[in-house]
Amino acid sequence: MFSPQTIKKDFPIFTYHPARNATHSVAGGPDLVYLDSAATTLKPRVVIEAEKEYLEHYSANIARGLYPLAEKATEKFEMVREKVSTFIGAESAKEIIFTSGTTDSLNLAARLLASRLEAGDTIITTAMEHHSNFLPWKELAKKNGLHFRVIPLTEKGTIDIEILKNTIDERTKIVAFSAVSNVLGTINPVKEITTLIKNINPSTIVVIDAAQAVSHMPIDVSEWNADFVAFSGHKMFGPTGVGILYGKSSLLNTLSPVTFGGGMVIDACADETVYKEAPYRFEAGTPNIGGIIALGTAIDYMKSIGMENIQKYEHTLTVYALNRLRETFGENIHIIGPTYPEKQSGIIAFTLSTIHPHDIAATLGEHDICVRAGEHCASPLHKSLGLHATTRISFSIYNSKKDIDKCIAILEEIQTMFSK
Ligand code: PMP
């Protein structure tokens with residue numbers, strides 16, 4: 001197991017020294033307690049350096065130039081496709097489409113699938129989805145006269161499998177659900193759910209939102225047997241503006257592009273266009289080259305620590321935090337996740353007494369403790385729980401039990417302050 005103290009040294013944000021007279025840091029520093037990795041992870045120095053190196057030393061466009069700089073950029077860029085493919089257990093690098101993030105990936109999946117749908121078909125999603133895995137499907141359904149079904153959750157914050165089973169039929173074309181909920185922290189058994197769906201209707205396309213899974217546990221998209229899998233680079237120690245849409249080759253090769261422009265055609269004239277094969281036909285225009293190259297470095301970084309180690313370590317933090325929160329606040333805290341740690345990743349959302357989550361987050365912020373408050377882009381989930389907002393803490397490899405203790409100590413002060 002690694003030590004968070006050593007890991008912290010890899011992240012320049014913790015070594016930044018804020019101005020002496022600053023009351024709290026607005027630019028990181030050694031006292032920073034960052035408990036918002038579900039929003040975005042911090043970036044290790046190697047990732048920052050990789051992007052900088054591209055920008056400073058070989059910032060040519062890819063797949064066009066025949067001079068050495070452009071060839072180097074293209075080679076580095078395509079190596080990342082290979083890296084991503086191996087990292088997530090895809091069968092081929094041709095299954096990896098670069099996008100600008102999970103939101104872009106899921107919207108792309110929805111647009112790619114639109115031509116396969118007919119009025120009266122059904123799209124299914126769940127009540128735990130982030131808006132990115134809810135709204136594109138809802139809009140697609142609305143525009144095409146489809147049924148849009150939202151599977152409710154059990155009291156334990158898991159997908160109600162019985163209801164899902166009874167909802168799928170021969171008109172079910174797409175089922176979209178997340179691998180890990182960004183609010184409840186629920187780890188869904190993706191392989192089992194996909195098998196269940198395909199046993200009932202083998203032609204159903206299964207779309208997985210893996211935004212909260214990829215940097216926290218080993219994943220294997222081939223074992224999942226999902227058709228599409230979406231995730232973001234910035235939640236896996238990489239830069240913002242970079243995402244992935246994995247698509248099974250057998251599916252991608254049957255789909256037509258929906259965005260048109262440079263880099264995706266073999267030949268074009270007024271009468272006829274010959275598109276490149278997948279994934280290139282889905283990548284019109286110049287991508288975020290430096291960001292994608294740096295994402296490759298982020299993957300190397302995670303691999304050097306080991307995904308099993310990351311998962312185990314974050315699990316110990318989750319168990320510790322759940323226990324300490326319950327011990328400290330008893331009945332005053334309402335944790336909305338499954339709360340049995342084997343089903344819960346390092347995301348814990350809660351309400352504390354009647355204190356507004358915004359007050360909690362703002363006060364913690366004054367103590368250099370970063371958490372998120374609100375609906376976390378999961379309005380349907382909060383509505384289903386009758387809540388307007390929750391406070392969310394989320395972990396990554398640079399967190400320690402000390403961070404949790406510090407957060408809980410300030411939460412106790414907040415409780416006292418707001419009960420006066
Ligand atoms: N899905 C989930 C589960 C998420 O947590 C997020 C980000 N909070 C998204 C989708 C959207 O990711 P992005 O903003 O990077 O597109």
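Counting starts at 1 for both ligands and their atoms, in listed order. These values consider heavy atoms only, across backbone and side chains, with no hydrogens, waters or symmetry-generated copies.
- The closest protein non-hydrogen atom to atom 5 (O) of ligand 1 is Gln212 NE2, 2.6 Å.
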Step by step, work out the ring-ring contact (aromatic ring centres under 6.0 Å, His included) result for Phe134 and Phe148. CA-CA 10 Å; Phe134 190 90; Phe148 179 62; 5.2 Å; yes
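- Heavy atoms of Glu129 found under 4.0 angstrom from ligand 1: none, in either backbone or side chain.
- Of all atoms in ligand 1, numbered sequentially from 1 with element shown, those under 4.0 Å from a heavy atom of Ser232 are 12 (O), 13 (P), 15 (O), 16 (O).
- The six-membered or imidazole ring of Phe98 lies away from that of Phe282, with a centre-to-centre distance of 6.0 Å or more.
- From the protein, the heavy atom lying nearest to atom 16 (O) of ligand 1 is Thr103 OG1, 2.5 Å.
- The contact set between ligand 1 and Asn182, taken as ligand atoms under 4.0 Å from a residue heavy atom, comprises 3 (C), 5 (O).
- Residue Asp209 places a heavy atom less than 4.0 Å from ligand 1.
- The aromatic ring centres of His382 and His376 sit less than 6.0 Å apart.
- Looking at ligand 1, you'll find an N or O of Lys235 within less than 3.5 Å of one of its N or O atoms.
- Relative ring orientation between His358 and His356 is described as tilted, the plane-to-plane angle lying within the 30° to 60° band.
- Side-chain atoms of Thr6 and Ser3 form a donor-acceptor pair, as typed in the model, at a separation below 3.5 Å.
- Of all protein heavy atoms, the one lying nearest to atom 4 (C) of ligand 1 is His130 CD2, 3.4 Å.
- Pairing each heavy atom of His216 with each of Phe395, the nearest pair is CE1-O, 3.5 Å.
- The aromatic rings of Tyr398 and Phe237 stand perpendicular to each other, their planes meeting at an angle above 60°, with 30° marking the opposite boundary.
- With distances taken over non-hydrogen atoms, the option nearest atom 11 (C) of ligand 1 out of Ala38, Cys377, Ser181, Ser132 is Ser132.
- Near His234, meaning under 4.0 Å from any of its heavy atoms, are these atoms of ligand 1: 13 (P), 15 (O).
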